[in-house]
**Q** 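This structure is in structure tokens; I'll ask about it shortly.
Here is the naming used below: chain letters follow the sequence lines, and residue numbers restart at 1 for every chain.
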Protein chains: 4
Amino acid sequence: MTDPKKKIPSLVKDQRLIQKRREQMIEAAVSLFIEKGFHKTTTREIAAKAGFSIGTLYEYIQSKEDVLYLVCDAIHQELEERLMPVLKEETSGRESLVLAIRRLFEIMDHMQDQILIIYQEAKSLPADTLKYVLNREEQITAIFEQVLKKGIEDGSIDMNPKEAKLMAHNIMVLGEMWVFRRWALAKRFTLEEYIEKQISLILSQIS
Amino acid sequence: MTDPKKKIPSLVKDQRLIQKRREQMIEAAVSLFIEKGFHKTTTREIAAKAGFSIGTLYEYIQSKEDVLYLVCDAIHQELEERLMPVLKEETSGRESLVLAIRRLFEIMDHMQDQILIIYQEAKSLPADTLKYVLNREEQITAIFEQVLKKGIEDGSIDMNPKEAKLMAHNIMVLGEMWVFRRWALAKRFTLEEYIEKQISLILSQIS
Amino acid sequence: MTDPKKKIPSLVKDQRLIQKRREQMIEAAVSLFIEKGFHKTTTREIAAKAGFSIGTLYEYIQSKEDVLYLVCDAIHQELEERLMPVLKEETSGRESLVLAIRRLFEIMDHMQDQILIIYQEAKSLPADTLKYVLNREEQITAIFEQVLKKGIEDGSIDMNPKEAKLMAHNIMVLGEMWVFRRWALAKRFTLEEYIEKQISLILSQIS
Amino acid sequence: MTDPKKKIPSLVKDQRLIQKRREQMIEAAVSLFIEKGFHKTTTREIAAKAGFSIGTLYEYIQSKEDVLYLVCDAIHQELEERLMPVLKEETSGRESLVLAIRRLFEIMDHMQDQILIIYQEAKSLPADTLKYVLNREEQITAIFEQVLKKGIEDGSIDMNPKEAKLMAHNIMVLGEMWVFRRWALAKRFTLEEYIEKQISLILSQIS
DNA sequence: AATGAATGAGGGTTCATTCAT
DNA sequence: CATGAATGAACCCTCATTCAT
């Protein structure tokens, strides 16, 4: 139910320190992965940019792939933290949906580089670890499923509840599309136009 | 307008042979990239699986990235070749659209591994070369734009022609989604269900 | 004025260690370059003979050419260190010249293999780096120019000061000649005979 | 006594053809060796520049080093052919010497790139083959020895005949010096100045 | 807890040479 | 005689990971 995270073992005991060092390393890794991708980034570079030595890096992780996992998880974390507030609003499911979609797309625009990391590099995770990341992705998708169901219940959305999950995936993917088809879309639309048009198209499916 | 391909220089002069050897190399590379990804596949493995020596491999390409480009191009080629026939049918734009979407999704299902290669590995191409691949992707997307416009003209599709391009991208992405969200979708839907539901959702946007 | 050396970057920080390892590597490389030349010597051989791994070698240099530069520089260093003491003597310029020539030729004989490395391999250095080596060579030549000028001033040498530089080059080259024409000269002369004859010939030019 | 050349075996019988093809290959190789050195020049490049295929190249030689030998020999040949005419003049040994030195230095200037090939690349020849090249070099040196002896005999040159050989080597080396110390000498002297000064210095040794 | 020197397997690429056509 | 495709040993260099200090 809650958010199961993979435990990455550390040689260091002090939990505070672990958190601090991992934040440093994630920040360093994100910018490096954005710049050159996971494979072309070296562990040395990550340690250097994080401000400590390669030896220290390996006190807090066990392999380079651990860093990738921490990065993916942090990105999902940020995505979720940015998305959740919009759901607090007390409105109809339909309005909630529109707000959430808009927010999602704005987040996608804002975090485009990070989103790309997940899309392009997650495959390099060991199969086990990958599951945790995909799980998290599914949970975020489930948020939209919930909003849709709320709308169906309060009558503001007209659709078969069985299709809520698919619809939720569609929404997520249309958001991500702004990131990984940006090379084509940005030639034609501003973010605002993109949001407006997609919301309008989605609404035409639930009336 | 037409389909510009990047010329990959070869030390070998015989064009027939170049084509033959490159086909062998592409087939080998595709299966290896599927199995272990571009970065973890070695040029030696590609040569061995293709049935010739590493020296021979380099008679037909200049770098490992050339192999990746050839692979991406071949995948797009196959995708296009599988998609085009469905457009020959003499029907309304709307029916043509439905046929094309169905075919696209079936192709995505059939070529899922290859599609994943493009999505996950194309980023490793040199910027110059990447353009060729994205261009090709855009051209395939344009096919759906054409079908939509045909439907608008013959009155079978009701939508603002200005939105045809976006809609075409949406369709492509919903097809690709069957590939890269398969881990979530396949738990809930068969391909057939997926096709039916998505077509029905898309049709609700153009009536 | 002073002796500008090219800074070869190292991944290792400890300056002491850098010096120590580079000395090991230079000693190994010199003997290998003598034995088989720069091109036929592999970096692995250098590392092995130096007593460490190939990975360690590359912690202290950036490319095989860096080793060649270090070798050339060390050879020039030794040459200079062997030559300088003879100039401390308090005598006339003429006597000083004779002493220096004798010493130079003795050094050439002693360091023949190393001198050959510079002559035959320096061309493999990148243009930038080659300049440092040639510069050093010119500085050593300038030593003889100074001695000649001292002799002109104190009246013990009779020559146009304008020709001191050319004369200095001649002396250097006659010294090197003992190295790279050894195959012919050693058949006819001992080192001592060679020195005597050449000094006598040179003196006949400055009286 | 005469000029023993190394026989390089060829698979082809027709002597005319052998000579023609080898001339082509030498011309190609010389320009490539000048441009990039022996080691960085590939046999493919030599064949291509010579105007035939790599297969054909190996019909006329047995190894890349054979090409280097042919090149060295051709250079010596040209050097000799340019030098000999000056000896035909009917004058005193002293005048003959001056003429020969001048001619030698002019040739060195003219053929500087080729001379460099011999100096820097000959060491890559197999020991056996190297002997032929050094032999040739000694023969050319002997020319000057002859001129000196003629001068001693006709009284125009005053020196101990035992030193003629050394003197001849000195002259050769001072000529080569114009080539391999050009980076320093050309800053100070024109060829003409260099010739004048060196001749004057040499003459001061034989009066 | 932090450091950073050491390791060495492994990767991409080159190129002299061969030999079937 | 000429061609040029095929070979594979060998080269330079990288980098994730370890471990003594």
Side-chain angles (χ1 to χ4, degrees), chain A residues 10-14 17-18 21 39-48 51-67, chain B residues 10-14 17-18 20-21 39-48 51-67, chain C residues 10-14 17-18 21 39-48 51-65 67, chain D residues 10-14 17-18 21 39-48 51-67:
Chain A
S10 166
L11 293 177
V12 174
K13 313 286 176 203
D14 181 343
L17 202 46
I18 293 181
R21 292 278 182 258
H39 277 103
K40 294 201 173 161
T41 298
T42 68
T43 51
R44 263 173 153 106
E45 286 171 319
I46 296 170
F52 38 72
S53 73
I54 181 68
T56 300
L57 182 72
Y58 274 87
E59 297 272 310
Y60 295 93
I61 50 150
Q62 309 218 89
S63 74
K64 192 185 174 191
E65 277 129 10
D66 284 350
V67 180
Chain B
S10 167
L11 292 178
V12 171
K13 298 174 178 175
D14 183 340
L17 203 47
I18 292 180
K20 180 180 159 202
R21 292 282 181 256
H39 277 103
K40 296 204 172 159
T41 299
T42 69
T43 52
R44 277 178 167 79
E45 287 170 320
I46 297 171
F52 37 69
S53 71
I54 181 65
T56 298
L57 181 72
Y58 276 88
E59 296 268 307
Y60 294 91
I61 50 150
Q62 307 219 91
S63 73
K64 192 185 175 193
E65 278 141 4
D66 283 350
V67 181
Chain C
S10 167
L11 292 178
V12 172
K13 298 175 179 175
D14 182 340
L17 203 48
I18 293 180
R21 293 279 181 258
H39 277 104
K40 294 205 171 159
T41 298
T42 71
T43 52
R44 272 181 167 79
E45 287 171 320
I46 297 170
F52 37 72
S53 71
I54 179 69
T56 298
L57 180 72
Y58 276 89
E59 296 267 306
Y60 295 91
I61 49 146
Q62 307 217 92
S63 73
K64 192 186 174 192
E65 278 140 4
V67 181
Chain D
S10 167
L11 294 176
V12 174
K13 313 286 179 204
D14 181 342
L17 202 45
I18 293 180
R21 293 278 182 257
H39 276 103
K40 294 200 172 160
T41 298
T42 69
T43 51
R44 265 173 154 106
E45 287 171 319
I46 297 170
F52 38 73
S53 73
I54 180 67
T56 299
L57 182 72
Y58 275 86
E59 297 272 312
Y60 295 91
I61 51 150
Q62 307 218 89
S63 74
K64 193 187 172 190
E65 277 130 9
D66 284 352
V67 181

**Q** Separation of His39(B) atom NE2 from dA16(F) atom P, in whole Å?
**A** 12 Å
**Q** Using heavy atoms to find the nearest nucleotide of DNA chain F for Glu45(C) and Ser63(A) separately, return the residue whose nucleotide is more 5′.
**A** Glu45(C)
**Q** Below 30° counts as parallel, above 60° as perpendicular, anything between as tilted: where do the rings of His39(D) and His39(C) land?
**A** parallel
**Q** Is the shortest heavy-atom distance from the side chain of Asp66(A) to the side chain of Tyr60(A) under 4.5 Å?
**A** no
**Q** Expressed as a whole number of angstroms, how long is the span from Lys64(B):NZ to dT14(E):C1'?
**A** 17 Å
**Q** Output all residues satisfying side chain to side chain donor-acceptor pair (under 3.5 Å) with Glu59(C), sequence neighbours left out; order by chain, then residue number.
**A** Arg44(A)
**Q** CG of Leu57(D) to NZ of Lys64(D): how many Å apart, nearest 0.5 Å?
**A** 11.0 Å
**Q** Any idea which of dT18(F), dT17(E), dT14(E) is nearest the Thr43(D) side chain?
**A** dT17(E)
**Q** Tell me, please, which residues at least two apart from Gln62(A) pass side chain to side chain donor-acceptor pair (under 3.5 Å).
**A** none
**Q** On DNA chain E, check which nucleotide each of Thr41(B) and Leu11(C) is closest to and give me the residue with the more 5' one.
**A** Leu11(C)
**Q** Only counting residues at least two apart or in another chain, list the ones meeting side chain to side chain donor-acceptor pair (under 3.5 Å) with Thr43(A).
**A**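 Thr43(A) satisfies side chain to side chain donor-acceptor pair (under 3.5 Å) with no other residue.
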**Q** Rounding to an integer number of Å, can you tell me how far Tyr58(C) OH sits from dA16(F) C1'?
**A** 19 Å
**Q** Report the distance from atom CG of Asp66(B) to atom P of dG12(E), rounded to the nearest whole Å.
**A** 13 Å
**Q** Ser10(A) near the nucleic acid: base, sugar-phosphate alone, or nothing, with a heavy-atom cut-off under 4.0 Å?
**A** nothing
**Q** To the nearest Å, give me how far apart CD1 (Ile46(D)) and C1' (dC15(E)) are.
**A**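 That distance rounds to 12 Å.
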**Q** Quick one: on DNA chain F, does Asp14(D) or Lys40(C) contact a more 5' nucleotide (nearest heavy atom)?
**A** Asp14(D)
**Q** Round to a whole Å and report the spacing from CD of Gln62(B) to C1' of dG12(E).
**A**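 After rounding, the gap between these two atoms is 14 Å.
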**Q** Roughly how far, to the nearest 0.5 Å, is CD1 of Ile18(C) from NZ of Lys13(C)?
**A** 11.0 Å
**Q** Residues in side chain to side chain donor-acceptor pair (under 3.5 Å) with Thr42(A), at least two apart?
**A** Glu45(A)
**Q** Distance from Tyr58(B) atom OH to Leu11(B) atom CG, nearest 0.5 Å?
**A**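 Result: 12.0 Å between the selected atoms.
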**Q** Considering only nitrogen or oxygen atoms on both sides, find all protein atoms under 3.5 Å from nucleotides 6-8 of chain E and state each distance.
**A**
| from | atom 1 | to | atom 2 | distance (Å) |
| --- | --- | --- | --- | --- |
| dA6(E) | OP1 | Arg21(C) | NE | 2.9 |
| dA6(E) | OP1 | Arg21(C) | NH2 | 2.3 |
| dA6(E) | OP2 | Tyr60(C) | OH | 2.3 |
| dT7(E) | OP2 | Ser53(C) | N | 3.3 |
| dT7(E) | OP2 | Ser53(C) | OG | 3.4 |
| dT7(E) | OP2 | Thr56(C) | OG1 | 2.7 |
| dG8(E) | N7 | Gly55(C) | N | 3.1 |

**Q** Only Watson-Crick and G-U wobble pairs with both distances less than 3.5 Å should count. Give DNA chain F in dot-bracket notation, marking inter-strand partners with |.
**A** .||||||||||||||||||||
**Q** Rounded to whole angstrom units, what separation is found between the NZ atom of Lys13(B) and the C1' atom of dT21(E)?
**A**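 Between C1' of dT21(E) and NZ of Lys13(B): 16 Å.
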**Q** Over how many whole Å does the gap from Ile61(A) atom CD1 to dT17(F) atom P extend?
**A** 8 Å
